[in-house]
Every structure is written in structure tokens, then in C-alpha cells.
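Beneath this line is the structure, given in C-alpha cells, with notes to follow.
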Protein chains: 2
Amino acid sequence: MTRPSQELLRSISDEHVLRSLMSERKLTRAELATTTGLSKPTVSESVRRLVESGLVADTGERTPGGRGKGRVGSFYSLAEDIGVALVIAIAPDGITAECVDAYGDVVGRTHHPIADPAEVAAVLPSVAAETVAAHNVRLCTVSAADPVDRRTGRLVQLPDSPFLVGELDPVAVLGPLLHGPVVVDNDVNWAAQAEHAALGVADFAYLFLDEGLGCAVVSDGEVRRGHSGLAGEISHLITAGPSGATPFIEVFGELGLRRPGTTAIDVARLRTADPVVLARAIGGVVMALVTLADPEVVVIGGSWGPSLLGAIRDECARLPRQVDVVAASVASPSLTGARASALDQLRTALVTASR
Amino acid sequence: MTRPSQELLRSISDEHVLRSLMSERKLTRAELATTTGLSKPTVSESVRRLVESGLVADTGERTPGGRGKGRVGSFYSLAEDIGVALVIAIAPDGITAECVDAYGDVVGRTHHPIADPAEVAAVLPSVAAETVAAHNVRLCTVSAADPVDRRTGRLVQLPDSPFLVGELDPVAVLGPLLHGPVVVDNDVNWAAQAEHAALGVADFAYLFLDEGLGCAVVSDGEVRRGHSGLAGEISHLITAGPSGATPFIEVFGELGLRRPGTTAIDVARLRTADPVVLARAIGGVVMALVTLADPEVVVIGGSWGPSLLGAIRDECARLPRQVDVVAASVASPSLTGARASALDQLRTALVTASR
DNA sequence: CACTCTAGTTAGGGGGCTTGCCTACAACGG
DNA sequence: CCGTTGTAGGCAAGCCCCCTAACTAGAGTG
């Protein structure tokens, strides 16, 4: 447990000041006093400390810009070089990299198309190196379109499931390039996190129906990843197929909807398939989700999932327990979720750095 | 966010002192200083405050009891009347009530057998009233052998599932009798909490196989109850039955293992059934659990579950993803879990009361 | 040029925690 | 019996954190 030291109070004051600057970008000491609720002398002291430690800087800007009379005040903000977070999304068709600063602004963005998943291992370090050279990167979040081992951060292949990105150890590749932690997670988990922020619902399930099949369970406001991080890898869940009980992924095989030579689902051809048969299989998955996770709502995402929303709803209406089914609402959800988490981690990292 | 006040430091000191007294029962101020890591004057001040507020009392006991030389010290402990938590387990065959004090000691225990579930509503208030009269009851946890609505605390019947205890609103019955919160949860969830404390595993699933069928999912160290509290109500999960895909509970119906006239499973007759058929059905449930929750281990509990452990393990060995299967190890797990939670809540309630 | 109004500083008070030293007092040994 | 030893607890001083209140600094305004 925490010790009751005076230093604790100081660090709480500093955290108040830093978080205010993160959300308001620039403030005078007087403004800081009102937004934080601290007294003016306390704020002045805190600002003095933070400037000295290099986290905060005088912007040089002064108040009177039509703001009225009175003495001029000095605007303070986070230091220029305070650092950013790197956000990387690895999909079969390419790698997207972004930098977020502590204000939540995206300060850089690149996309590298990839023809073959095998290129990922080669392209990834160069993408990262480019960003690291230009910014003070303090941490990194990675979204990958494959199951991620929770402890190692490695991409893992589950038997007979689509394996889109392929063998990769992002922590080993990226870790040495920057000085902070590298957090890797499955794209569906990140997407669910983004959807959670948008929906404001504490308990829901996210069904991701794309080239790969995924699912994330959000319980008590957090994505629950399970022991190895493989919670929600639903390819092998037994559900209703055209010929009886079948693993979910096999339903697509039986319908001839998997791309030959790869493990992925053929999304183009899928659009011509019978929605009722697909919805029946999806309904079986929803039923298992409702039974085991009891979501308030099931969110359907992925490139082709939402197009079946009506059929899925009809199917779910026949289930013994009712649940709301809605379409995902966040654009590029995986990147959004990874970015939000990166921002959050960056901010706490900075606050902790002031201690 | 918290404000950086000196009162915060004081309350941290008080919490240290209180928690030390909770785990050590009686301590002198000098001993408190060493166990808490605070200085003697700080401890003395804190003890003075806590005695004044009535939470702590001088026991009257003095040190020299063969402890050596030196000046006599005064032993302090939590005040006698500081309060207890009431723990109630409602099962089809009876109601058990316990009182736990802040040390974790069970200071009272009664069991009221019940012939018919309908008696519960009548017996419950008298059981509670008895305890409330004898103790300063500050809160209550209730374990019930039926699904519990998370928001209201009411027992709910799911279509066609065993409904053992029957209609009941423990919060309405018990709430008026005491001055603190009443927390109601399903017996399986409490059992999983007890098993969690014993196992020390953060992510596991608990399969409870008794007159009713239940399951709890522990993720990131907490029981995850879902939106309505119905997560893990597996009676309707589709699994492998003797004649193909069947809801879990129907497997027992098809095998003639449900007690006629009730919704419960006939445990006595079940022991004569083919373990392989049962294990196959259970294997289907385990597979869904592994897929959606990714537990490190599946714990098998309930009156008849562990007796099938071997058959269940054999069945699980055939699943595409492997998982450890072990038998539950905690005796009267529901009561144990509810008691542990009650103790925890009682302690935090007392700590908060000192603010 | 006095007045007004805001930003920031200074002074002082209250209080929490620590260190260091002191007193009280029981047991022990010569 | 009396000095020694060792522990419980108290007291004083010091540090420092936050607060309020009053003051200074400095730019507009009439």
C-alpha cells in the first residue's frame, strides 16, 4: 500500500497540472489553478517543478489577445519533445503506422501496402525506424490481424484457422528500436475497445466477420483476453452448418467460400451466398456468446458482417435468450482502438515520469 | 481525481493502522509503528483519532506476559462493536447463515433445513432478524442456487432451466433489516471466487455440475458476470447429446436423469449413467468455454462433477485446443466465496468509515 | 494620470510526517 | 537494594505541502 508521504501530495498536484495541460493544450498558471481546483501558489510551485524536469515549457505566448485588461499571463504547455506513441496496424494488405502525441493528435501517418504477408517481417522495422528517427517515441501499440499470445506478444497460428499476417514477433522487432513498452494485440480486441468507447456499454460482444473470423468479449468495461490471449478465437466453435453441427470456419469451407490456396474467407464470393445459411451459423455463435458472456448487445463488424445484420437479427430472434444486435459504428476500428490505448498509456507514462 | 489534501495522508495512515489491526488482532503502538512502517508519533496520532471515532479500543491488556523487560505497552484492537458481515447461503435444502467479523472469524453460524423451496421466503427474514439482533451487521452477502439478476439482486428463472430456490428478492427481504448493502450472487459465482483464492489463477472457468448446471468465468482475476449477471448459465448451450446437437440440460432429459415433477437433475440416478455420454456433452461445453474465454484451467465442481473427472479429461484430450481440467478443491465453496467477499467488503467499509 | 482588473508572488498559518531525544518503568544481576 | 538494560511511549524540532489573504506587477481605460 502507498505510504502517506508529502511527496505523494506533490505528485498528485503535478498529475493534476499535467492532465489539465494534456486536455487544454495551453494554460496560464491562473487558468491551471481554476481547472485543477488547486490554489495559485500550489500551481506555481508545480509548474516550476515540471518546467525544471523538462515536461512542461513556457510557450512564450502571452495572454492579451483581446482577452481584456490586467497583467499579461504566460501560457504553459507540454514540452515540445515530450514524446509520442507509435501505433501500428498490421493487416494482410499492408502496414499502417501513426504517431499520437499526448494531446491525442495524430502527428504522422504512413501506409505501406504489402503484396505478400511474408513482406511484413521486412517492412515492419523500416516503418518503425522511420518514425523513431523523427520523433521521441515512448511506447508502441500494435494491432495484428491474427491471434496474439498474451504473454509474449507473438502472433500464433491456431490449427486450421485463417492465418493472415503470419509468423511474427513484433516485440522482438520493435522493442530494440524504442525505449518503451511494445503492446501487441489482436485487431479484433482493439476494435472492440474502440467500439466500447463509442457505445459506452460495459458488457458486450464484438463479432468481427471479415477474411478472418474473430470475436472479442468486453466485460465490466474491459476487453477480456483470457489466459493466452486467445479468447474469442471462434473459428472452431461448433455451430449450425449446412449439414449439421460444424466448426464455424468449416461452414465457409462447406459453402466453398474460402479462398483457394490461402486460409482466408473469400469475401467477394461470400456476398453471393445465401444469407440465411450464414446467419444460422452466426446465430449459433451468438447463442454461445450470450450463454457464456451475457452481453448487453452484440456488435457486428468486419467487412461483410454488417451487411447481414437483418438476417442475423432474424436468426437471433429465434434464440431462447434475446439480445440486441447492432452494426459496428467506428471507422477503421482496430487502428482507432490501438490509438486510444496508446494515448492513454502515453499520458500515464508521462504522468509517472514526473514522479 | 483525488485532491492533494493533508487529510488524504491522514486517511492513508489510518488505513494502514486499521488493516494492521485486522490482520494482527492486537498490537501496541510501538508494534503498529514497525508493521505499518510509519513513525511512532504518526501511529500515536492515528490511534488517538481511531479511538476517538470508536473504531479502535484499548484492550486493557498490557505487554509483560513473558515478553521481556521494558516499559509496559498498551494493546489496541478493533472495537468490540465495530460490526460484522452477514453471509447467507440459500440452497434448495436449507439456509445457512454466518457472521464474519473483521478478523475473518466466523462468530456465529446457523442452518435451517427446508423441506420445500416455498419456505425460503418465510424462513429467510427470521434467520436474518435473529443475527441482526445479536450483532452489529454492516453488510450482507447472499449466495443463491439460481441465476441472479445483477442489477436488482433478484433470483430469475430462465426458460426451461432448473429453478431450485424459486422466486425471491433477497435485497427487498434483507435490506430493511440492516443498515448496509446486500450483495446477492449465484452460488457458482461465489464458488468460483473461492476457487480463485485457492488456485491463484487469474483466468479459469468453473463448471458446476450438481442438481443444477452452472458455470462461472474468471477473467483477469475477477468473476465476470456479464450484463445481467447471467454469464455462465449453460443449461441451454448447444452441445453433443446422445442424438446429436442438444441443449446441455436436454441431454439429461433425454437420458432420463431429471427428477420427475421438478426441474432438477436426479443426482442419484445419474451415477448409474454412462460416463462417456455425459463427458461428451461436458466436452462440448468445455470447448465453447475454451474458445470464448480461453481459461488456463477448467475446474470441475458440484456434487457429481468431480466423479467424472477422468472421462471429462479423456474427452477434452480430443478437443482441438488443449486445456487443463482439475477437480474443485474448496469445501462448501459457495459459502466460502461469499464469506471471503463479505470479509473484504466489511474491511473496506470499516476503513472508509474512518474517513 | 488615476483607476481597474488580472497574473503571479509573498507571507503566514495549519497540519502531517519524520528524526532524535527524553521519560517511564519492568526485569535482571551483582 | 541499586545500578544496568531494554522497551513503550511522549515531546520538540524540522521539513514541507497546501491553503488563504494580502500584495506587487503590469496592461488597458477614461
Side-chain angles (χ1 to χ4, degrees), chain A residues 1-17 20-21 24 26-52 56 58-77 354-355, chain B residues 1-17 20-21 24 26-52 56 58-77 354-355:
Chain A
M1 239 198 74
T2 344
R3 283 185 45 117
S5 66
Q6 316 247 71
E7 184 194 329
L8 175 64
L9 297 187
R10 227 184 0 191
S11 74
I12 293 175
S13 296
D14 290 354
E15 173 157 0
H16 272 109
V17 169
S20 283
L21 287 176
E24 306 292 329
K26 64 184 185 22
L27 292 167
T28 67
R29 277 172 280 192
E31 289 166 340
L32 276 167
T34 60
T35 62
T36 60
L38 303 174
S39 68
K40 288 195 288 172
T42 301
V43 166
S44 271
E45 254 310 292
S46 175
V47 167
R48 196 196 54 69
R49 277 193 301 267
L50 292 170
V51 167
E52 193 180 16
V56 165
D58 188 335
T59 57
E61 236 179 309
R62 299 292 177 261
T63 34
R67 130 112 71 109
K69 5 200 134 184
R71 172 177 173 177
V72 290
S74 312
F75 281 110
Y76 289 87
S77 69
S354 76
R355 305 251 161 96
Chain B
M1 239 196 73
T2 345
R3 283 185 45 114
S5 65
Q6 314 242 80
E7 185 194 328
L8 175 64
L9 297 187
R10 230 185 356 189
S11 73
I12 293 174
S13 296
D14 289 354
E15 174 156 1
H16 273 110
V17 169
S20 283
L21 288 176
E24 306 291 329
K26 65 185 183 29
L27 293 167
T28 67
R29 276 172 283 189
E31 289 167 341
L32 276 168
T34 61
T35 62
T36 60
L38 304 175
S39 68
K40 288 192 291 172
T42 301
V43 166
S44 272
E45 253 310 290
S46 176
V47 167
R48 195 196 54 68
R49 278 194 300 269
L50 292 170
V51 167
E52 193 181 18
V56 165
D58 188 335
T59 56
E61 232 179 311
R62 298 293 177 259
T63 33
R67 133 113 72 110
K69 1 198 131 180
R71 173 176 173 179
V72 289
S74 313
F75 280 110
Y76 289 87
S77 70
S354 74
R355 306 254 160 95

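Residue numbers begin at 1 in each chain, while the letters A, B, ... track the order of the sequences.
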In whole angstrom, give the distance that lies between atom CG of Asp58(A) and atom P of dG8(C).
-> 9 Å

Whole Å only: how far is the CG atom of Leu32(A) from the P atom of dG8(C)?
-> 9 Å

Where do Ile12(B) and Met1(A) land on the side-chain contact (heavy atoms from CB on, under 4.5 Å) test, with the steps shown first?
-> CA-CA 9 Å; Ile12(B) 293 174; Met1(A) 239 198 74; 4.0 Å; yes

Measure the distance from OH on Tyr76(B) to P on dA8(D) and round it to the nearest whole Å.
-> 13 Å

Nearest heavy atoms of Asp58(A) and Phe75(A), plus distance in Å | OD1-O, 3.4 Å

So, for Thr35(B) and Ser20(B), which heavy atoms are closest and what is the spacing to 0.1 Å?
-> OG1-OG, 3.4 Å

Can you tell me the distance, in whole Å, between the CZ atom of Arg62(A) and the P atom of dG8(C)?
-> 9 Å

Length of the CZ-P vector between Phe75(B) and dA8(D), whole Å = 9 Å

Could you tell me which residues satisfy side chain to side chain contact (heavy atoms under 4.5 Å, CB included) with Ala33(A), sequence neighbours excluded, listed by chain and number?
-> Lys40(A), Val43(A)

For the helix from dC1(C)-dG30(D) to dG30(C)-dC1(D), figure out the bend between the end axes, five pairs an end, and round to 10 degrees.
-> 30°

If you take all heavy atoms of Arg3(B) and Gly37(A), which pair is closest and at what distance?
-> NH1-O, 3.0 Å

Is there any protein nitrogen or oxygen under 3.5 Å from a nitrogen or oxygen in nucleotides 3-5 of chain C, and what are the pairs?
{"unit_1": "dC5(C)", "atom_1": "O2", "unit_2": "Gly70(A)", "atom_2": "N", "d": "3.4"}

Show me the protein contacts with nucleotides 16-19 of chain C, counting only N or O atoms at under 3.5 Å.
{"unit_1": "dG16(C)", "atom_1": "OP1", "unit_2": "Arg10(B)", "atom_2": "NE", "d": "3.3"}
{"unit_1": "dG16(C)", "atom_1": "OP1", "unit_2": "Arg10(B)", "atom_2": "NH1", "d": "3.0"}
{"unit_1": "dG16(C)", "atom_1": "N2", "unit_2": "Gln6(A)", "atom_2": "NE2", "d": "2.6"}
{"unit_1": "dC17(C)", "atom_1": "OP1", "unit_2": "Leu9(B)", "atom_2": "O", "d": "3.1"}
{"unit_1": "dC17(C)", "atom_1": "OP1", "unit_2": "Ser13(B)", "atom_2": "OG", "d": "2.4"}
{"unit_1": "dT18(C)", "atom_1": "OP1", "unit_2": "Arg3(A)", "atom_2": "NH2", "d": "2.9"}
{"unit_1": "dT18(C)", "atom_1": "OP2", "unit_2": "Ser39(B)", "atom_2": "N", "d": "3.0"}
{"unit_1": "dT18(C)", "atom_1": "OP2", "unit_2": "Ser39(B)", "atom_2": "OG", "d": "2.7"}
{"unit_1": "dT18(C)", "atom_1": "OP2", "unit_2": "Thr42(B)", "atom_2": "OG1", "d": "2.7"}

Contact under 4.0 Å: Thr63(A) side-chain N or O vs dA7(C) OP1/OP2 | no

Between Ser44(B) and Asp14(A), who's closer to the 5' end of DNA chain D by nearest nucleotide?
-> Ser44(B)

Can you name the closest pair of heavy atoms from Thr28(A) and Thr63(A) and give their distance?
-> CG2-CG2, 3.6 Å

For Ser5(B) and Leu9(A), the nearest pair of non-hydrogen atoms, with its separation, is O-CD2, 3.3 Å

Sequence-distant partners of Glu45(A), side chain to side chain contact (heavy atoms under 4.5 Å, CB included), two or more places apart = Arg48(A), Arg49(A)

Of all residues at least two apart in sequence or in a different chain, which pass the side chain to side chain contact (heavy atoms under 4.5 Å, CB included) check with Ser11(A)?
-> Leu8(A), Arg355(A)

Tell me, with the steps shown, if Val17(A) and Leu27(A) meet side-chain contact (heavy atoms from CB on, under 4.5 Å).
-> CA-CA 10 Å; Val17(A) 169; Leu27(A) 292 167; over 6 Å; no

Of all heavy-atom pairs linking Leu38(B) and His16(B), the shortest is CD1-CB, 4.3 Å

Separation of dC17(D) C1' from Glu15(A) CD (nearest whole Å) = 17 Å

Starting at atom CG of Leu27(B), determine the distance to atom P of dT7(D), rounded to an integer number of angstrom.
-> 17 Å

